[in-house]
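Quick notes on the structure that follows.
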Amino acid sequence: MTSSLPLTGERTVPGISHENYWFRRHEVVYAAIAADCSGVAVLEAGCGEGYGADLLAGAARSVLALDYDATTVAHVRARYPRVGVARANLVALPVPDGSVDVVVSLQVIEHLWEQERFLRECSRVLRPGGRLMVSTPNRITFSPGRDTPLNPFHTRELDPRELAGLVDDAGFGRVVVQGLHHGPRLRELDARHGGLIEAQTRLALSGEPWPHALAVDVAGVRCSHFVLRTGDDTDLDASLDLLVTATRP
């Protein structure tokens, strides 16, 4: 499966072997939360290519996917017929108060300038007892030692405590943060290639051809090669990505 959307360097799409690591790193979180979306009305804020919304639609009663980019919205509408889709500004969600059971927003909040306003909007559209699920790169490992993001598409990255604090300040309860880590297979590839992420980044920046061994290993990455867990502060600080779940009182 390949995507008809243009490659931007940021949007994650399925079916591209050299981007498979990043695709699986995102897909694994969708797979992990799918059971919590079973039989309920889900809103995805910032759906990107749409593969995640479609995965959730296999479990949910309904999925409404929102994105600001008109080309993306048209792509999702054509490719994923079981997903409802609309163009929207994520700090002004176009749905009534208390109208959805789950709000999902994965790898999106780091792109937003008004993160606090976005989370208040998520709270507004959730019914009492509804659940929020937000993932984002861990600032400590994604842009280490920096106050400004390395990724030019990101406006503000968060560490575990900053993410939990934002969600708590937006009025949510039962806030839990989990961290995504490399499992044994990916740690093996880290050792083989001198850091799997670093090896891919060097090639992306240099434009050099990929070594065959690295290309094969990246194409073979699967969701099962990642581990999502709730740990102590040290474990969360070492994680690659963060997933916060919370409940609207």
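With values rounded to the nearest 0.5 angstrom, Arg174 atom CZ is found 12.5 Å from Leu132 atom CG. Taking CG of Leu56 as the start and CG of Asp54 as the end, the distance is 9.0 Å to the nearest 0.5 Å. With rounding to the nearest 0.5 angstrom, the CG atom of Asp69 is 6.0 Å from the CG atom of Asp67. In this structure, Asp233 CG and Arg161 CZ are separated by 5.0 Å, a value rounded to the nearest 0.5 Å. Remark: Arg192 CZ to Arg187 CZ distance equals 14.5 Å, nearest 0.5 Å. Rounded to the nearest 0.5 Å, atoms CG (Leu243) and CG (Leu106) are 7.0 Å apart.
Minimum heavy-atom separation, Pro137 to Asp241: CA-OD1, 3.3 Å. Annotation for Val42 and Ala60: closest pair CG2-CB, 3.7 Å, computed over non-hydrogen atoms.
Trp22 and Leu228 fall within a single hydrophobic cluster, where Ile, Leu, Val, Met, Phe, Trp and Tyr side chains are chained together by heavy-atom contacts under 4.5 Å.
The pair Glu116-Arg156 counts as a salt bridge, with a side-chain nitrogen and a carboxylate oxygen less than 4.0 angstrom apart. A salt bridge does not link Arg185 to Asp190: none of the charged nitrogens lies less than 4.0 Å from a carboxylate oxygen. Using a 4.0 Å cut-off between a side-chain N of Lys or Arg and a carboxylate O of Asp or Glu, Arg139 and Glu162 qualify as a salt bridge.
Checking side-chain atoms of Asp101 against main-chain N and O of Ala41 turns up a donor-acceptor pair under 3.5 Å. No donor-acceptor pair under 3.5 Å is formed between the side chain of Arg131 and the backbone N or O of Thr247. Under the 3.5 Å distance criterion, the side-chain polar atoms of Arg24 are left unmatched by any main-chain donor or acceptor of Cys223. Listed for the Asn20 side chain is a donor-acceptor partner under 3.5 Å among the backbone atoms of Val221. The main-chain N or O of Leu196 is found under 3.5 Å from a side-chain atom of Gln200 such that the two form a donor-acceptor pair. Gln115 places a side-chain N or O within 3.5 Å of a backbone atom of Ile109 that can act as its donor or acceptor partner.
With ring centers used as reference points, Tyr51 lies under 6.0 Å from Phe23. Between His225 and Tyr21, the ring center distance fails the sub-6.0 Å criterion.
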Worked check of side chain to side chain donor-acceptor pair (under 3.5 Å) between His181 and Ser239: CA-CA 5 Å; His181 301 261; Ser239 66; 4.8 Å; no

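With 3.5 Å as the limit, one finds no donor-acceptor pair spanning the side chains of Gln178 and Arg229.
Figure legend: Arg25 and Phe226 shown without cation-pi pairing, the cationic atom not lying both under 6.0 angstrom from the six-membered ring centre and within 45 degrees of its axis.
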Which side-chain N or O atoms in residues 202-213 pair as donor and acceptor under 3.5 Å with protein atoms at least two apart or in another chain?
from, atom 1, to, atom 2, distance (Å)
Ser206, OG, Arg202, O, 3.0
Ser206, OG, Leu203, O, 3.4
Ser206, OG, Glu208, N, 3.2

Show me the side-chain donor-acceptor pairs of residues 91-100 shorter than 3.5 Å, one per line, residues at least two apart or across chains.
from, atom 1, to, atom 2, distance (Å)
Asp97, OD1, Arg124, NH1, 2.7
Ser99, OG, Pro96, O, 2.7

